[in-house]
Amino acid sequence: MAKISVSIAGGSGYTGGELLRLLLFHPQVELKQVTSERLTGKSVYKSHPNLRKVTQLKFSALDDLQECDVLFLCLPHGKSMCGLDSLKLKAKKIIDLSGDFRLKSAAGYEKWYGKPHACPENLMDFVYGIPELHREEMRAASFISSAGCNATATILALYPLYKNRLVELDRTVVEVKGGSSEGGNSVSEASHHPERTDVVRSYKPTQHRHIAEVVQELSFGEPIQMHFSATALGIVRGVLATCHVFLKEDLQEKDIWKVYRQEYGQEPFIRIVKEATGAYRYPEPKVLIGSNYCDVGFKKDEESSRLVAIAAIDNLMKGASGQAVQAFNLMHGFAETTGLEFPGLHPI
Amino acid sequence: MAKISVSIAGGSGYTGGELLRLLLFHPQVELKQVTSERLTGKSVYKSHPNLRKVTQLKFSALDDLQECDVLFLCLPHGKSMCGLDSLKLKAKKIIDLSGDFRLKSAAGYEKWYGKPHACPENLMDFVYGIPELHREEMRAASFISSAGCNATATILALYPLYKNRLVELDRTVVEVKGGSSEGGNSVSEASHHPERTDVVRSYKPTQHRHIAEVVQELSFGEPIQMHFSATALGIVRGVLATCHVFLKEDLQEKDIWKVYRQEYGQEPFIRIVKEATGAYRYPEPKVLIGSNYCDVGFKKDEESSRLVAIAAIDNLMKGASGQAVQAFNLMHGFAETTGLEFPGLHPI
Amino acid sequence: MSASANLECPICGGEVTLGGDTLQGELIECSDCGTELEVTSIKPFAVAEAPQEEEDWGE
């Protein structure tokens with residue numbers, strides 16, 4: 001079976017580099033080009049030292065992009081939507097890792113991204129790229145918009161509860177804790193090592209744009225409200241979403257297990273992690289680094305109707321490039337785990 | 001071609017867990033048993049959370065060990081040599097990751113390990129397991145003793161210089177910087193998080209036992225002296241060996257490049273890393289985590305005859321389990337990189 | 001030796017399979033929630049959470 005020709009537009013950032021790593025080792029992929037305006041002509045390992053001697057590939061300019069079967073877009077926010085028409089000429093299938101096509105509503109995009117959408121008519125062409133929610137649509141899709149990392153963790157923590165209408169729709173509080181790689185490789189005052197190391201930084205107590213995706217995916221046709229905050233920690237990779245929901249009925253933990261098992265029992269990348277002993281009793285992002293797993297757990301509060309639902313991912317894997325490769329596998333009927341078998345490291 | 005049946009004796013530690021991860025994904029391996037006296041009957045993921053749902057394997061007791069083709073020994077120091085005769089009944093080929101059979105001289109063992117060797121007559125049966133030095137002997141070997149992590153980094157940094165007799169034999173100073181996983185998973189006052197985090201701890205300014213292996217492997221029949229210190233850092237994985245040697249002749253960097261290229265040009269796991277720009281100009285252990293690479297670099301001191309030779313590895317991979325799998329591949333004529341393709345992560 | 005049986009884990013409701021040769025008092029693990037279960041009877045099969053010494057989790 002001929003390999004699928006694949007290129008990456010915008011390959012010098014962290015997401016592009018992680019995607020490049022995965023695609024270089026994917027048995028069904030023939031990697032053609034990786035573009036970077038800033039580093040055109042340079043070897044890719046200059047941005048991605050882990051790929052030194054793994055590939056001799058050099059960055060191309062976007063203008064020199066040739067046709068291929070599938071084009072991954074890891075361009076800065078806004079570039080995908082502005083360049084979509086010309087990019088569509090290069091590949092029949094596009095997987096966009098930016099935020100440009102995640103929201104179905106143009107008004108929602110303008111509210112959360114602070115400017116009007118450049119091509120709202122294309123919004124409905126893109127399928128929102130969380131396979132655990134949209135597997136069948138993704139199989140048939142030509143355009144997929146890969147979800148945000150914080151949104152992915154929050155959605156997967158809460159999906160079984162919202163789908164089965166078990167929680168009050170306006171009381172959920174979500175606290176996401178994440179790492180420095182979420183900010184990408186552009187440097188700033190705030191990312192300078194002496195300022196960034198070991199912080200517990202309330203960088204988005206409110207107004208985090210990933211809320212819009214969570215509301216979109218969990219509303220199931222009803223108006224819902226998410227109270228969302230993000231705190232940045234001293235880690236590089238990893239997201240932990242701690243979600244506080246309020247159950248409509250008095251359910252026991254056994255009932256909650258049943259709901260999560262019902263939704264996630266057959267999922268290759270979701271593990272339910274809730275144990276009474278050991279140092280890893282609930283989902284822990286540290287041991288997921290480099291893997292495509294989303295670990296999900298929960299604890300019922302004996303004192304109230306509150307249920308604490310917890311999810312952990314690697315923001316660059318299940319939160320970005322890993323999930324994009326999962327989408328690629330779905331689009332072509334490959335086993336969904338192809339090229340995504342790495343289980344993570346311990347200790348790390 | 002039938003798979004090779006493999007078991008691990010002593011599989012609950014960090015080295016055993018890393019080996020288990022590699023062997024579970026090795027295309028030519030059928031993993032049979034993993035022993036742990038402390039955790040017999042328990043699921044292996046209880047010690048190795050990254051293997052949760054990757055395997056249903058449970059720990060066996062050493063007494064229940066059945067015959068297999070290859071037995072890896074990750075037992076506490078001293079256990080391999082004391083139990084060798086009974087272990088030999090279980091497998092024709094043994095790869096020992098402890099320090100018991102690394103030194104060829106029984107006197108050397110007693111000096112550095114503080115007790116007489118239990119079966120000195122077996123010392124010569126084991127081949128010292130650094131493929132870049134002993135590839136042909138390892139191909140034919142039935143018993144291989146995998147090298148120590150600090151020794152591996154130091155030896156690989158210096159091997160081209162000593163083999164080609166370019167340095168003074170008694171002036172070399174080596175400073176190895178390493179992480180907390182070197183100490184294994186047994187807890188102590190010194191490994192307690194508030195005491196261990198972000199230290200720069202001179203834990204072995206002198207008398208580090210890995211010197212004996214370095215002297216053994218680099219002497220080439222002449223008496224040599226190594227001045228060796230180890231400092232523990234706040235990292236979990238990673239070793240950086242910084243070696244200060246004094247050249248006999250006034251060589252330029254071009255000459256040094258030639259020597260390293262001559263010895264390492266064809267090696268699948270050694271990369272020469274010496275660049276003038278970028279954040280990763282010299283070997284960096286961080287981006288090697290999980291990979292089997294040893295990156296080697298150097299810098300000539302313009303003010304003197306000193307050459308600074310630098311090597312970086314992941315102590316659990318090229319410094320232990322990865323190198324043991326490399327040995328396994330050699331023993332069976334498999335491509336040396338089989339099961340060891342993971343290139344490492346960035347950013348991490 | 002009685003036939004094997006599928007029971008419900010008392011903690012998480014997951015499926016626990018007991019082989020026909022399972023012994024009274026034997027310790028087994030629930031593969032879903034990892035809880036150590038004790039076989040409290042074999043005719044009929046029954047399991048209960050095995051006594052756990054409370055680990056100090058250090059926090």
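Chain A is the first sequence line, chain B the second, and so forth, proteins listed ahead of strands; every chain is numbered from 1. Values below: every heavy atom of this structure, side chains too, minus hydrogens, waters and symmetry copies. A quick note: this is a predicted structure, and the numbers were derived from the prediction, not measured.
- More than 12 heavy atoms of other residues, nucleotides or ligands shown are found within 6.0 angstrom of NZ on A:Lys3.
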Do any side-chain atoms of residues 337-348 of chain B form donor-acceptor pairs under 3.5 angstrom with protein atoms, and if so which ones, sequence neighbours left out?
unit_1   : atom_1 : unit_2   : atom_2 : d
B:Thr338 : OG1    : B:Ala335 : O      : 2.5
B:Glu341 : OE1    : B:Gly339 : N      : 3.2
B:Glu341 : OE2    : B:Gly339 : N      : 3.1

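- Contact annotation for A:Glu284: neither backbone nor side-chain heavy atoms come within less than 4.5 Å of a heavy atom of chain B.
- Within 6.0 Å of NZ in B:Lys258 there are 12 or fewer heavy atoms belonging to other residues, nucleotides or ligands.
- Neither the backbone nor the side chain of B:Asp314 comes within less than 4.5 Å of any heavy atom of chain A.
- For a residue to count as touching a neighbouring chain, one of its non-hydrogen atoms must lie under 4.5 Å from one of that chain's; by this rule A:Ser180 does not touch chain B.
- Between chain A and the residues B:Val273, B:Ile289, B:Val54, B:Val287, the largest count of heavy-atom pairs under 4.5 Å involves B:Val273.
- Note that CG of A:Leu288 and CG of B:Asn50 are 9.5 Å apart. Values are rounded to the nearest 0.5 Å.
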Side-chain donor-acceptor contacts of residues 16-24 of chain A below 3.5 Å, not counting sequence neighbours, with atom names and distances?
unit_1  : atom_1 : unit_2   : atom_2 : d
A:Glu18 : OE1    : A:Arg21  : NE     : 3.1
A:Glu18 : OE1    : A:Arg237 : NH2    : 3.1
A:Glu18 : OE2    : A:Arg21  : NH2    : 3.0
A:Glu18 : OE2    : A:Arg237 : NH1    : 2.6
A:Glu18 : OE2    : A:Arg237 : NH2    : 3.3

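- Looking only at side-chain heavy atoms (C-beta outward), A:Tyr280 and B:Lys46 stay at 4.5 Å or farther from each other.
- With a 4.5 angstrom heavy-atom cutoff, B:Val236 touches chain A only via side-chain atoms.
- Taking every heavy atom of both residues into account, A:Arg52 and B:Tyr293 meet most closely at O-OH, 4.5 Å.
- Of the two parts of A:Leu316, only the side chain, counted from C-beta on, holds a non-hydrogen atom closer than 4.5 Å to a non-hydrogen atom of chain B.
- Per-residue counts of heavy-atom pairs under 4.5 Å with chain A were compared for B:Glu275, B:His48, B:Lys286; the largest is that of B:Glu275.
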